[in-house]
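These numbers come from a predicted model, not from an experiment. By convention in this document, chain letters (A, B, ...) are assigned in the order of the sequence lines, proteins followed by strands, and residues within each chain are numbered from 1.
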Amino acid sequence: MTVRVRMAPSPTGFLHIGGVRTFLFNWLYARGHGGECLLRIENTDTSREAADSVGQIEESLRWLGIDWDGEMRFQLDGADRCRAEAARLVAEDKAYEDDGAIRIRMPKEGVVAWDDAIKGRIEFPADQLEDMVILRSDGRPVYNYASPVDDWVDGITHVIRGDDHVSNTPKQIVVLQALGAELPVYAHAPNVFGEDGKKLSKRHGAVSVGEFREAGYIAPALMNFLALLGWAPDGETTIISRDELIERFTLERVGSSPATFDYAKLDWMNGVYLRDLGRDAYADALLTFLLEQGSEWDEARIREAAPIVQEKIGRLGEFADFVGFLFGDVAPDPALLDETVLTEAATRLETVEPWDAATIEVELKALCERLGAKPKTVFLPIRVAVTGSRISPGLYESIELLGRDATLARLRHGASIAG
RNA sequence: GCCCCCAUCGACUAGCGGCCUAGGUCACCACCCUUUCAAGGUGGCUACACGGGUUCGAAUCCCGUUGGGGGCACCA
């Protein structure tokens with residue numbers, strides 16, 4: 001039997017990172033089993049539909065590198081089929097009319113149970129289940145009816161979804177049984193929480209894929225991180241490629257307890273991926289990112305600056321903070337400047353040849369000896385005067401890139417405002 | 001209130017009865033390297049929620065307690 005799964009977002013807003021994590025599990029499972037992965041928008045409730053959220057969803061998935069097979073579908077497209085099946089259920093007395101709506105008969109005794117691929121066996125006492133409305137009085141199918149019908153029609157073999165659907169499952173199983181459909185394998189992945197143990201939301205930090213992208217996380221790092229949230233191939237692996245993920249992913253190894261989203265670890269991991277990029281690939285990624293941000297900085301200049309920040313930043317969004325001094329004026333804090341040092345530095349750098357980091361280094365170190373001062377006390381004012389900050393890329397490289405004229409100008413201006 | 005699920009370091013997790021005086025990674029602390037910040041290196045800090053069983057032996061199995069989460073709609 002060919003594996004077929006589906007990713008089923010609601011078009012109620014931007015793609016939530018927790019939802020993406022379960023989509024990733026679906027996708028990894030399908031790709032690892034030579035199966036198909038469908039994308040179905042659960043738009044049964046049109047009132048909650050947010051403008052262009054479908055476009056957002058597609059865009060976010062594409063960016064992450066999660067693809068789907070066939071055309072995107074919409075739950076509403078199956079409404080006619082839902083109505084036809086409901087009529088059949090009524091005819092078979094498995095459902096009945098109630099105030100214009102159609103309700104399905106739930107079993108009155110025993111249990112509704114299934115073997116969850118992640119959580120193991122789960123049983124619900126049948127007396128907990130009320131006869132559920134499947135068709136509203138206006139004829140629109142309800143989610144807990146439309147979803148299993150679609151799964152059946154689409155030939156879904158594995159329903160991999162969030163924990164919050166566990167209590168929907170018995171209802172959907174009853175629907176499927178009434179329909180005479182074969183049951184899919186259910187797998188419920190635990191939720192993703194914020195640091196306080198509550199469902200991950202805006203107040204914890206970024207939650208939509210778009211926000212992570214805008215902050216300068218790169219897709220492979222985010223995918224790696226997400227996959228490890230609630231799943232682990234073993235006790236050691238932390239950095240794992242997309243291909244290896246596909247190869248090693250199994251539902252059995254998805255944990256059953258909820259996971260907390262650790263932003264600090266994501267930062268670290270993103271840095272690992274960023275540093276691992278080749279020089280050109282890094283510059284390309286940076287450039288693409290900045291362009292998306294609407295940056296108008298010179299492309300060649302960005303490429304030049306890329307290598308000196310690669311070891312320094314963990315998110316592409318930090319680029320501007322680090323090398324903004326190459327693209328615009330700086331406003332150094334006078335209290336951190338030192339007139340003597342800056343004047344002397346300007347004098348020495350005025351005639352240095354050639355203008356490169358190595359030579360500048362030699363010159364500045366010689367300056368320290370001449371002033372009989374520790375490198376620390378000499379380099380700080382220079383760094384602040386030149387870059388406007390006490391934190392920057394390597395000083396010599398920064399000076400080289402800035403160029404002689406601008407460097408001298410900033411050194412001298414710094415000396416004049418030193419306090 | 002009723003039903004379901006969950007429970008190992010601050011975080012993600014490894015562990016599926018003896019290999020555990022509980023391992024890895026992030027975070028944190030210290031030191032080293034060092035022009036700042038990072039990166040890198042070395043070392044350190046912390047965990048089996050609690051109480052009963054079962055067993056020669058339990059983080060691992062069973063029961064209970066506590067704590068957390070989810071659900072009980074003509075929402076998805």
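Remark: P of B:A73 and CG of A:Asp99 are 16 Å apart, rounded to the nearest angstrom. Residue A:Arg121 contributes atom CZ, which lies 15 Å from atom P of B:C62 at whole-angstrom precision. In this structure, A:Asp234 atom CG and B:U25 atom P are separated by 12 Å, rounded to whole Å. What separates OH of A:Tyr145 from C1' of B:C75 is a distance of 18 Å, to the nearest Å. Between A:Glu236 atom CD and B:C26 atom P the separation is 13 Å, expressed in whole Å. The nearest whole Å value for the distance from the CD1 atom in A:Ile17 to the P atom in B:C12 is 16 Å. One interatomic measurement links the two molecules: CG of A:Leu349 to C1' of B:U35, which rounds to 14 Å at whole-angstrom precision. Residue A:Asp163 contributes atom CG, which lies 10 Å from atom P of B:G70 at whole-angstrom precision.
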Check the pair A:Gln293, A:Phe319 against side-chain contact (heavy atoms from CB on, under 4.5 Å), reporting the backbone distance first and the verdict last.
-> CA-CA 12 Å; A:Gln293 299 293 299; A:Phe319 182 75; over 6 Å; no
Passes side chain to side chain donor-acceptor pair (under 3.5 Å), A:Tyr96 versus A:Asp131? Steps please.
-> CA-CA 10 Å; A:Tyr96 58 92; A:Asp131 287 355; 2.8 Å; yes
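Closest to the side chain of A:Ala264, out of B:U35, B:C26, B:A76, is B:C26. Minimum atom distance to the side chain of A:Leu229 is reached by B:C12, of the listed B:C12, B:C74, B:U35. Distances from the side chain of A:Ile122 to the nucleotides B:C4, B:U25, B:C2 place B:C4 closest. Of the candidates B:C2, B:C4, B:A11, B:C4 carries the atom nearest the A:Phe124 side chain, counting heavy atoms from C-beta on. In the set B:A27, B:A14, B:C4, the nucleotide with an atom closest to the side chain of A:Val166 is B:C4. Considering only the side chain of A:Pro125, B:C3 comes nearest among B:C3, B:A76, B:G40. In this structure, of B:G71, B:C37, B:A76, it is B:C37 that holds the atom nearest to the side chain of A:Ile391. Side chain of A:Lys171, nearest nucleotide from B:C72, B:A7, B:A76: B:C72. When the nucleotides B:G23, B:U35, B:A7 are ranked by their closest atom to the side chain of A:Arg383, B:U35 comes out on top. The listed nucleotides are B:C74, B:C3, B:U35; the one nearest the side chain of A:Gln128 is B:C3.
Note on A:Asp138: nothing from the nucleic acid sits closer than 4.0 angstrom, heavy atoms only. Across all strands shown, A:Ala259 has heavy atoms under 4.0 Å from sugar-phosphate atoms exclusively, and none from any base. When heavy atoms are screened at a 4.0 angstrom cut-off, A:Asp267 is found touching no nucleic acid atom at all. Base engagement by A:Glu311 is indicated by at least one non-hydrogen atom pair under 4.0 Å involving a base atom. Among the heavy atoms of the strands, none lies under 4.0 Å from A:Asp127. Using a 4.0 Å heavy-atom criterion, one finds that A:Gly271 contacts no nucleic acid atom at all. Here A:Glu123 lies in heavy-atom contact (under 4.0 Å) with sugar-phosphate atoms only. A:Arg253 comes within 4.0 angstrom of the backbone, heavy atoms only, and of no base. Nucleic acid contact class of A:Leu380 (heavy atoms, under 4.0 Å, all strands): none. Among the atoms of the strands shown, base atoms are found under 4.0 Å from some heavy atom of A:Ser392. Within 4.0 Å of A:Phe225, counting heavy atoms only, lies no atom of the nucleic acid at all.
Between A:Lys198 and the phosphate of B:G69, there is a side-chain N or O to OP1/OP2 separation shorter than 4.0 Å. Phosphate proximity of B:A73 to A:Arg103: absent, as no side-chain N or O sits under 4.0 Å from OP1 or OP2.
Across B:G1 and B:A58, the matching C1' atoms stand 36 Å from one another, rounded to whole Å. Atom P of B:A14 sits at a distance of 15 Å from the matching atom of B:A49, rounded to the whole Å. Rounded to whole Å, the P atom of B:G10 lies 26 Å from the corresponding atom of B:C62. Taking atom C1' in both B:A11 and B:U34, one finds a spacing of 30 Å when rounded to whole Å. B:A39 and B:A27: their P atoms are spaced 7 Å apart (whole Å). Using C1' as the reference atom, B:G15 and B:C31 are 33 Å apart when rounded to the nearest Å. Taking atom P in both B:A22 and B:C48, the straight-line distance is 11 Å, to the nearest Å. On the P atoms, B:C9 is 29 Å away from B:C3, given to the nearest whole Å.
Base-pair partner of B:U21: not found among the strands shown (Watson-Crick or G-U wobble, both distances under 3.5 Å). As the counterpart of B:A30, B:U42 is assigned, both hydrogen-bonding distances of the Watson-Crick or G-U wobble pattern falling under 3.5 Å. Using N1 to N3 plus N6-O4 or O6-N4 for Watson-Crick, or N1-O2 and O6-N3 for G-U wobble, each under 3.5 Å, B:C50 pairs with B:G64.
Between the side chain of A:Lys265 and the base of B:U25, at least one donor-acceptor pair of N or O atoms lies under 3.5 Å. Between the base of B:A27 and the side chain of A:Asp262 there is no donor-acceptor pair shorter than 3.5 Å. Checked by distance alone, A:Lys312 brings a side-chain donor or acceptor within 3.5 Å of a matching partner on the base of B:U36. If you check distances only, the side chain of A:Ser256 never reaches the base of B:C6 with a donor-acceptor pair under 3.5 Å. Applying the 3.5 Å distance criterion, the base of B:C5 shares no donor-acceptor pair with the side chain of A:Lys119.
Partner of A:Phe23 under the side-chain contact (heavy atoms from CB on, under 4.5 Å) criterion, out of A:Ile160, A:Leu64, A:Leu28, A:Leu15: A:Leu15 alone. Considering A:Asn26, A:Thr169, A:Thr22 as possible partners of A:Arg161, the one that fulfils the side-chain hydrogen bond (donor to acceptor under 3.5 Å, both in side chains) test is A:Thr169.
Between A:Phe261 and A:His204, a ring centre-to-centre spacing not shorter than 6.0 Å is recorded.
A:Gln310 places a side-chain N or O within 3.5 Å of a backbone atom of A:Leu274 that can act as its donor or acceptor partner.
If you find the closest nucleotide of RNA chain B to A:Arg21 and to A:Glu397, the one lying nearer the 5' end belongs to A:Arg21.
The aromatic rings of A:Trp114 and A:Phe124 lie parallel to each other, with less than 30° between the two planes, well short of the 60° mark. Relative orientation of the A:Phe379 and A:Tyr396 rings is perpendicular, given thresholds of 30° and 60° on the angle between their planes.
Under the 4.0 Å criterion applied to side-chain N and carboxylate O atoms, A:Arg6 and A:Asp151 are assigned as salt-bridge partners.
Minimum heavy-atom separation, A:Leu129 to A:Pro170: CD2-CB, 4.1 Å.
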